Amino acid sequence: MTMRREATPRTHVRSRSAAATAAGVEPIDADGAPVAEHPAQACEPPAVGHDHAAVARLLHALAEPHRLSMVHLLARAEHRVVDLTSELGLAQSTVSVHLATLRDAGLVDVRREGRSSWYRLARPEVAHILADAERVVEATRGGAR
C-alpha cells in the first residue's frame with residue numbers, strides 16, 4: 001500500500017532584501033521606480049489535471065534572453081517592431097520571429113493602427129513572472145558567494 005502525503009500550502013512572500021531593510025531603503029527597479037511588494041499569499045499545490053504542458057510552453061517562450069528583453073520593454077509601454085529593433089539592436093526579422101513566439105504563447109497581443117502594429121503584454125502577470133524569476137536568481141547568487 002502506498003501512502004500519499006497530504007500537500008500543505010506554502011507561503012510565498014516577496015520582500016525587500018535584508019540590506020535594503022537594514023538601510024531603510026525602499027526597493028526600486030532599474031528605472032528608479034518603486035517595486036511593488038505583494039503581501040504573503042498561500043501557494044496552493046497544483047490541482048489534479050493541472051496543465052503542465054501549457055506551463056512548459058509559456059516558460060519555453062520566456063526562455064530566451066532577447067524575448068525577456070522584449071517582455072521588459074513591453075511591460076513599460078506598447079512598441080512597434082521598428083522600436084524594438086532599434087532598442088535591442090536586432091534585425092527586424094529576428095524581432096518578428098521572437099514576437100510570434102511570444103504571441104503563440106499568449107504572452108503578447110497586437111493592436112493595429114493604420115499600417116502600424118503595436119505590441120503589448122497580454123497579461124500584466126507576465127511582468128511579475130519575470131520579476132519573481134529575477135529575485136530567485138539574485139537570491140541564489142547571493143547564497144552562492
Side-chain angles (χ1 to χ4, degrees), residues 6-145:
E6 193 67 33
T8 58
R10 287 165 276 175
T11 302
H12 175 85
V13 179
R14 296 181 198 172
S15 62
R16 299 187 300 181
S17 70
T21 302
V25 176
E26 290 297 317
I28 58 171
D29 65 15
D31 295 323
V35 174
E37 295 187 41
H38 298 292
Q41 56 191 15
C43 293
E44 295 296 324
V48 174
H50 185 73
D51 192 352
H52 286 104
V55 173
R57 283 190 301 275
L58 179 139
L59 293 174
H60 182 268
L62 292 172
E64 203 286 328
H66 290 122
R67 287 195 291 267
L68 291 177
S69 295
M70 286 181 192
V71 169
H72 274 285
L73 291 170
L74 295 173
R76 292 187 204 134
E78 291 182 311
H79 285 75
R80 297 172 299 160
V81 171
V82 68
D83 303 326
L84 294 169
T85 299
S86 169
E87 283 277 339
L88 300 170
L90 298 173
Q92 181 271 329
S93 59
T94 302
V95 169
S96 293
V97 168
H98 285 315
L99 285 169
T101 300
L102 293 170
R103 282 185 68 195
D104 290 347
L107 300 174
V108 171
D109 282 332
V110 64
R111 176 179 62 84
R112 310 263 188 238
E113 185 178 290
R115 293 177 61 191
S116 296
S117 296
W118 292 85
Y119 292 86
R120 66 182 176 274
L121 288 186
R123 307 278 315 174
E125 295 88 350
V126 176
H128 295 290
I129 292 169
L130 254 52
D132 286 345
E134 289 165 353
R135 285 185 190 97
V136 169
V137 168
E138 184 178 314
T140 56
R141 282 186 181 160
R145 290 184 198 171

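Note that the structure is a prediction, hence the values are computed from the model and not measured.
No option in Asp109, Val108, Val126 other than Val108 meets the side-chain contact (heavy atoms from CB on, under 4.5 Å) test with Leu102.
Applying the salt bridge (Lys or Arg N to Asp or Glu O under 4.0 Å) test to every pair with at least one member in residues 59-73, sequence neighbours left out, gives no pairs at all.
Nearest heavy-atom pair across Leu74 and Tyr119 is CD2-O, 3.2 Å. Annotation for Leu73 and His79: closest pair O-CE1, 3.2 Å, computed over non-hydrogen atoms. Considering every non-hydrogen atom in both Ala61 and Ala105, the closest pair reads CB-CB, 3.5 Å.
The distance from the CG atom of Leu58 to the CD atom of Glu125 is 10.5 Å, given to the nearest 0.5 Å. For the atom pair NE2 (His66) and CG (Leu84), the distance works out to 12.0 Å, reported to the nearest 0.5 Å. Atom CG of Leu107 and atom CG of Leu130 lie 9.5 Å apart (nearest 0.5 Å). Atoms OG1 and CE, on Thr101 and Met70 in that order, are 9.0 Å from each other to the nearest 0.5 Å.
Not a single salt bridge (charged side-chain N to carboxylate O under 4.0 Å, His left out) links Arg103 to another residue, sequence neighbours left out. Ala91 meets the side chain to side chain contact (heavy atoms under 4.5 Å, CB included) test with Ser93, Thr94; sequence neighbours excluded. For Leu59, the side chain to side chain contact (heavy atoms under 4.5 Å, CB included) partners two or more places apart in sequence, or in a different chain, are Val55. Taking the side chain to side chain donor-acceptor pair (under 3.5 Å) definition, one finds that Arg80 meets it with Asp83, sequence neighbours left out. Taking Ala75 as the reference, Leu121, Ala127 meet the side chain to side chain contact (heavy atoms under 4.5 Å, CB included) condition, with sequence neighbours excluded. When the salt bridge (charged side-chain N to carboxylate O under 4.0 Å, His left out) test is applied to Arg112, no partner is found at least two apart in sequence or on another chain. By the side chain to side chain donor-acceptor pair (under 3.5 Å) test, Ser86 pairs with no residue at all, sequence neighbours left out. Scanning for side chain to side chain donor-acceptor pair (under 3.5 Å) contacts around Glu78 gives Arg111, Arg120, with sequence neighbours left out. Every residue two or more places apart in sequence or in another chain was checked for a side chain to side chain donor-acceptor pair (under 3.5 Å) with Arg115, and none qualifies. Scanning for salt bridge (charged side-chain N to carboxylate O under 4.0 Å, His left out) contacts around Arg57 gives an empty result, with sequence neighbours left out.
The shortest distance between side-chain heavy atoms of Val95 and His98 does not fall below 4.5 Å. Residues Leu99 and Val81 are in side-chain contact: their nearest non-hydrogen atoms beyond the backbone lie under 4.5 Å apart.
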